[in-house]
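Both ligands and their constituent atoms are indexed starting at 1 by order of listing. Worth knowing before you read on, the calculation uses all heavy atoms, side chains too, and leaves out hydrogens, waters and symmetry mates.
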Amino acid sequence: MNILLLGSGGREHALAWKMAASPLGDRLFCAPGNAGIAQEAECVAFDSSDHAAVIDFCKQNRVDFVVVGPEGSLVAGIVDDLEAAGIKAFGPSRSAARLEGSKGFTKDLCRANDIPTAAYERFTAAAPAKSYARAKGAPIVIKADGLAAGKGVVVAETLDEAEAAIDMILGGGLGAAGAELVIEEFLAGEEASFFALCDGESAIPLASAQDHKRAYDGDKGPNTGGMGAYSPAPVMTDEISRRAVDDIVVPTLRAMKAMGAPYKGVLYAGLMITAAGPKLIEYNVRFGDPECQVLMLRLMSDLVPALLAARDGVLKNFDLRWYADAALTVVMAAKGYPGAYSKGSVIGGLEDAGKVENVVIFHAGTKADGGRILADGGRVLGVSALGKAVTDARTNAYAAIECIHWPEGFCRSDIGYRAIARESKTG
Ligand code: AMP
């Protein structure tokens with residue numbers, strides 16, 4: 001079969017790498033892709049926000065199946081439009097993608113179905129929002145309702161910060177995404193990402209993962225799209241995974257089906273593991289980036305039939321197998337990220353880095369220029385490695401980074417530290 005993957009980040013490189021290994025695939029296309037993805041797939045440059053152009057491409061190139069990486073396309077209804085044109089597509093419909101597209105929608109769904117989450121209220125005007133925040137006190141969390149490219153959440157340590165966030169969001173600082181906001185209770189605990197493959201009714205949990213959202217070592221500095229990840233996440237014990245499925249994912253699937261918007265695709269639950277058990281922080285309707293990179297390294301089974309089974313609604317008896325090894329990804333970003341950064345610097349040493357044992361280098365923001373690879377984004381590379389435990393995967397990943405010559409880039413030096421501390425305690 002011919003497959004088209006939409007997206008251009010590290011997540012899509014990992015998906016392309018895994019799908020390219022499938023015996024089911026004939027041609028693999030990616031739009032728009034990047035310099036790394038070009039080693040796995042035929043990159044094509046069309047604007048995937050133009051759904052008619054995507055459909056035309058699929059028809060002309062006999063594409064049987066489209067896999068959608070980024071949330072923006074899902075929330076915009078790319079899956080509905082492809083399916084209406086008779087092309088199979090992996091990912092949620094527009095109405096199911098509201099689980100990510102509207103935080104208020106998800107909070108209301110949790111409330112109506114007793115799904116554990118932070119206490120909250122929704123607001124469209126600043127005055128009642130501020131009086132609610134004052135009544136609850138700091139720390140408190142202010143969230144824009146819509147998609148805001150990771151900038152829509154402010155964890156306010158003080159009421160002044162909370163009020164400034166309310167004014168910024170409702171004042172149009174995030175555009176239409178901030179026409180409404182959610183104010184919620186601050187949850188204390190350790191965060192973990194929980195992924196499940198869903199077919200509208202059934203869910204298969206994927207391996208667990210944890211990421212590092214802050215830019216600098218020690219989880220300090222500004223929030224980013226993610227500076228590294230590892231799998232498995234020791235905080236996700238079997239018991240906590242079971243509760244995440246039974247108390248969070250399954251009731252969500254049931255509720256979505258009941259409202260005529262069955263959820264198909266990857267459901268990514270951002271969880272806070274509190275003293276009272278896992279609570280939902282947010283849903284994403286696609287693989288996480290860089291969590292996808294570690295999951296793809298650990299996945300033993302063929303990805304393509306799993307994605308097809310989710311789309312076809314036949315996951316019930318499906319089984320996915322995983323390598324016991326741990327995986328870890330260190331993101332290399334352009335200096336300045338997540339603020340302003342420059343593009344176009346040359347990245348050297350990638351070939352040697354890729355030869356380090358058990359290492360795969362996923363590209364995020366790169367472009368090829370003759371034989372050279374240039375930085376072309378904020379997050380640029382995901383240096384990924386397998387190892388017996390997280391500690392070994394980290395050793396391999398940082399050994400590969402030593403080979404990379406890119407003075408204009410930086411990375412954190414402590415990815416995986418929580419898991420590694422646990423491993424050294426248990427020996
Ligand atoms: P979100 O985009 O909703 O995942 O939020 C981004 C980050 O803000 C999360 O990964 C958490 O670190 C933090 N966060 C969001 N909601 C809460 C909450 N209710 N309590 C504590 N931290 C939160």
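You'll find the ring centres of Phe57 and Phe29 inside the 6.0 Å limit. Aromatic ring centres of Tyr268 and Phe287: separated by at least 6.0 Å.
Among the atoms of Lys213, none of the N or O lies under 3.5 angstrom from an N or O of ligand 1. Residue-to-ligand polar distances keep Val141 apart from ligand 1: every N/O pair is separated by 3.5 Å or more.
If you check the side chains of Glu291 and Ser193, you find a donor sitting under 3.5 Å from an acceptor.
Taking the six-membered ring where tryptophan is involved, the planes of Phe362 and His13 are perpendicular, since the angle between them exceeds 60° and thus also 30°.
Considering only non-hydrogen atoms, atom 9 (C) of ligand 1 lies nearest to Glu191 out of Lys279, Lys103, Glu191.
Remark: Arg111 qualifies as a cation-pi partner of Tyr120 under the 6.0 Å distance and 45° angle criteria applied to the six-membered ring.
Side-chain N or O atoms of Ser208 include none that pairs as donor or acceptor with a backbone N or O of Met236 at under 3.5 Å.
Between Glu83 and Arg311 there is a salt bridge, with a side-chain nitrogen of the basic residue lying less than 4.0 Å from a carboxylate oxygen of the acidic one.
Annotation for ligand 1: atoms under 4.0 Å from non-hydrogen atoms of Phe186 are 20 (N), 21 (C). Heavy-atom contacts of Glu282 reach the following atoms of ligand 1: 1 (P), 2 (O), 3 (O), 4 (O) (cutoff under 4.0 Å). Near Glu184, meaning under 4.0 Å from any of its heavy atoms, are these atoms of ligand 1: 16 (N), 17 (C), 18 (C), 19 (N). The contact set between ligand 1 and Lys143, taken as ligand atoms under 4.0 Å from a residue heavy atom, comprises 3 (O), 15 (C), 16 (N). Proximity to Met272 (heavy-atom distance under 4.0 Å) selects the following atoms of ligand 1: 21 (C), 22 (N).
Remark: minimum distance from atom 21 (C) of ligand 1 to any protein heavy atom is reached at Leu187 O, 3.3 Å.
Contact of the Val154 side chain with the Val141 side chain is not registered, since no non-hydrogen atoms from C-beta on lie closer than 4.5 Å.
Of all the heavy atoms of Val153, the ones lying under 4.0 Å from any atom of ligand 1 belong exclusively to the side chain. With a 4.0 Å cut-off on non-hydrogen atoms, Val155 touches ligand 1 through its side chain and not its backbone.
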